[in-house]
Colleague: 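Here it is, the structure in full.
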Amino acid sequence: MKNATIKGIAEVLRGKISETTEEKSENISPFISFKEPEKDCEKAKILFHAGTGTLSSYKDLLPYLAKSSRESELLGGFNFGSFEEYLNRDVDSLIIDTAKRYADILEKISTNQYILMGYCVGGWIAFETARILVERGKNVAKVVTISSSLCGHNYDNELLLERAFALSIGADIEKAGYIGSNTLLQRALENFKTHNGDRAISIDELCTLSGEYEELAVGFKKLSELSQEERLQKIFATIKKNEGDDAENIDMFKILYKLFRHSFKGIMRYEPSIYVGDVHALFVADDTKHFFPVRDISNKELWENIVLGDLTIDYIPGEHTNCLKEPNVHDVAKILE
């Protein structure tokens, strides 16, 4: 296992992406150990990557987890690992196949129990990984999901996926040309679903929205006249760059988008399994600003139907894109202690 100090997290995450751009991704392990136990491992706390395939969502949370971690605990996480391997997984079974890959690695860790934690898409990967480990006779103490939701519809459309990606990484979508509020887009897509069932809305259909949705149509029409390369350049230009970020240059940024797109195509097709273990689901207090235009994110009934063990639900401050950032992350860390 690859060791990393908490101070070196950004370098490790950035290094993995850099390796993919240099075609060195063969045999890259997706597992990163942030803190090794100082004696026999009693508990392994494992984080699972979100849609972009990296662990950067946990940058503010990791110091808290490391500080509260005991001498006998391992703190680790899963990145996407090999860029080619991840993208070669079938989107129809992506979440399950990824969970099997990670379960194979965790099964080799000598520990008394696991705590699996995941934000966004990572919550579902953690959930399925736990199910596989339990079926193999391993002791999973609990699964913690953080603002993990399902799409509930087929939104397989490049302009919608680009918009979702831009919001998830903190871009200024208005400056990038993706105009209109999430609320308006939600209504437009719900109206489309009512009349067209589960099929995905096409780019042409986005560009010809009318009535109250005309504002959206104007924006999508202008975007459709650009190449995807040009659209991603516009999104990238609106991001505040910080040293150590995943997307330090446009090449890394385009890789992140490909990973995000693949992850979301996978989550669109995913149906959760039944899990016999315990789950702690953390819902955001404000679920109206999710980076993707869907509603009913805090779906208590969904979790009650798939969790046969003890289900605990807590609400955490903030909304999807900032619940793991300061100052909100402090409250999350207290719950996870």
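Computation of the quantities below employed the complete heavy-atom set of this structure, encompassing side-chain atoms and omitting hydrogens, waters and symmetry-equivalent molecules. All of these numbers come straight from a predicted model, not from anything done at the bench.
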Colleague: Locate the shortest heavy-atom distance separating L94 from Y86; write the atom from each residue and the value.
Modeller: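 Heavy-atom minimum between the residues: CD2-OH, 4.0 Å.
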Colleague: Is any side-chain heavy atom of E229 closer than 4.5 Å to one of K254?
Modeller: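 They are in contact (side-chain heavy atoms under 4.5 Å apart), so the answer is yes.
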Colleague: So does R70 have more than 12 non-hydrogen atoms from other groups sitting under 6.0 Å from CZ?
Modeller: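 For R70, atom CZ is not crowded (no more than 12 foreign heavy atoms under 6.0 Å).
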Colleague: What heavy-atom pair brings A281 and T145 nearest, and what distance separates the two atoms?
Modeller: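 Answer, listing the atom of A281 first, then T145: CA-OG1, 3.4 Å.
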Colleague: How long is the gap from CD1 on I203 to OG on S224, to the nearest 0.5 Å?
Modeller: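 It comes to 7.0 Å.
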Colleague: Hey, quick one: are L161 and I250 part of the same hydrophobic cluster, counting side-chain heavy atoms closer than 4.5 Å, chains of contacts allowed?
Modeller: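 Shared cluster, yes.
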Colleague: Salt bridge or not between D60 and K325? Use side-chain N to carboxylate O under 4.0 Å.
Modeller: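 No.
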Colleague: Report yes or no: do V307 and I95 belong to one cluster of Ile/Leu/Val/Met/Phe/Trp/Tyr joined by side chain heavy-atom distances under 4.5 Å?
Modeller: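 Result: yes, single cluster for both.
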Colleague: State the CD1-OG1 distance between I169 and T238, to the nearest 0.5 angstrom.
Modeller: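 With rounding to 0.5 Å, CD1 (I169) is 7.5 Å from OG1 (T238).
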Colleague: On a heavy-atom basis, which atom in E212 and which in L184 lie closest, and how many Å separate them?
Modeller: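 Scanning both residues, the minimum pair turns out to be O-CD1, 3.7 Å.
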Colleague: Counting only N and O atoms by type, is there a donor-acceptor contact under 3.5 Å from the side chain of N191 to the main-chain atoms of R187?
Modeller: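 Checked: no pair found.
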Colleague: For the pair D90 and R269, find out whether any cationic side-chain nitrogen is under 4.0 Å from an anionic carboxylate oxygen.
Modeller: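 Not counted as a salt bridge, because no side-chain N and carboxylate O are separated by less than 4.0 Å.
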Colleague: Same cluster or not: I179 versus Y213, using hydrophobic residues (I, L, V, M, F, W, Y) connected whenever any side-chain heavy atoms lie under 4.5 Å apart?
Modeller: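 No, no single cluster joins them.
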Colleague: To the nearest 0.5 Å, what is the distance between NZ on K221 and OG1 on T208?
Modeller: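 Going from NZ on K221 over to OG1 on T208, the span is 10.5 Å.
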Colleague: If you define the side chain from C-beta out and look only at heavy atoms, does anything of F31 sit under 4.5 Å from R101?
Modeller: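 A side-chain contact is absent here, since even the closest heavy-atom pair is not under 4.5 Å.
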Colleague: Is there a side-chain contact between F78 and T129 in this structure, where contact means two heavy atoms from C-beta onward sitting under 4.5 Å apart?
Modeller: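 SC-SC contact between F78 and T129 ruled out.
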Colleague: Are V121 and W303 co-members of a hydrophobic cluster defined by side-chain heavy atoms under 4.5 Å apart?
Modeller: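 As far as the 4.5 Å side-chain criterion goes, V121 and W303 are connected within one cluster.
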Colleague: Pairs in or reaching into residues 328-337: which pass side-chain hydrogen bond (donor to acceptor under 3.5 Å, both in side chains), with residues at least two apart or in two chains?
Modeller: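 Pairs touching residues 328-337 that pass the test: N322-N328.
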Colleague: Describe, in one word, how the ring planes of W124 and F127 are oriented to each other, choosing from parallel (under 30°), tilted (30 to 60°) and perpendicular (over 60°).
Modeller: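 Taking F127 first and then W124, their aromatic rings stand perpendicular (interplane angle over 60°).
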Colleague: When the ring centroid of F253 is compared with that of F165, is the distance short of 6.0 Å?
Modeller: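 Yes, the ring centres sit under 6.0 Å apart.
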Colleague: How many angstroms lie between atom CG of L206 and atom CZ of R163, to the nearest 0.5 angstrom?
Modeller: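 Taking CG in L206 and CZ in R163, the distance rounds to 10.0 Å.
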Colleague: Counting neighbours of CD on E214 that are heavy atoms of other residues, nucleotides or ligands and sit closer than 6.0 Å, is the number greater than 12?
Modeller: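 No, not enclosed.
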Colleague: Just one of E85, R89, E128 clears the side-chain hydrogen bond (donor to acceptor under 3.5 Å, both in side chains) bar with T98, so which one?
Modeller: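 Among the candidates, only R89 passes.
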Colleague: Pair up each side-chain donor or acceptor in residues 38-50 with any protein partner under 3.5 Å, not counting sequence neighbours, and list the distances.
Modeller:
| residue | atom | partner | partner atom | Å |
| --- | --- | --- | --- | --- |
| E42 | OE1 | S72 | OG | 3.4 |
| K45 | NZ | E73 | OE1 | 3.4 |
| H49 | NE2 | Y102 | OH | 2.8 |

Colleague: Using 30° and 60° as the class boundaries, would you call the ring planes of F264 and F260 parallel, tilted or perpendicular?
Modeller: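 Answer is parallel, since the angle falls under 30°.
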Colleague: Using a cut-off of 6.0 Å, state whether more than 12 heavy atoms not belonging to E271 lie near its atom CD.
Modeller: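 Not buried by this count: 12 neighbours or fewer within 6.0 Å.
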Colleague: Give the minimum heavy-atom separation between E162 and I235, together with the two atoms involved.
Modeller: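 Looking at all heavy atoms of both residues, the shortest contact is O-CD1, 3.9 Å.
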Colleague: Provide the full list of salt bridge (Lys or Arg N to Asp or Glu O under 4.0 Å) pairs with a residue in residues 105-116, sequence neighbours left out, each pair given once.
Modeller: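 Non-adjacent pairs meeting salt bridge (Lys or Arg N to Asp or Glu O under 4.0 Å): E107-R136.
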Colleague: Search all heavy atoms of L159 against all heavy atoms of R231 and return the closest pair with its distance.
Modeller: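 Scanning both residues completely, I find the closest heavy atoms to be CD2-NE, 3.4 Å.
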Colleague: So which heavy atom on T52 is nearest to which on F80, and how close?
Modeller: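 Closest approach of T52 to F80, heavy atoms only: O-CD2, 4.5 Å.
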Colleague: Hey, could you give me the OG/CG distance between S29 and N79, rounded to the nearest 0.5 Å?
Modeller: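 Those atoms lie 10.0 Å apart.
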Colleague: Return the NZ to CG distance between K142 and L116, rounded to the nearest 0.5 Å.
Modeller: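 Reported to 0.5 Å precision, the distance equals 11.0 Å.
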Colleague: Should V143 and Y270 be counted in the same cluster of Ile, Leu, Val, Met, Phe, Trp and Tyr side chains packed under 4.5 Å apart?
Modeller: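 Yes, V143 and Y270 fall within the same hydrophobic cluster.
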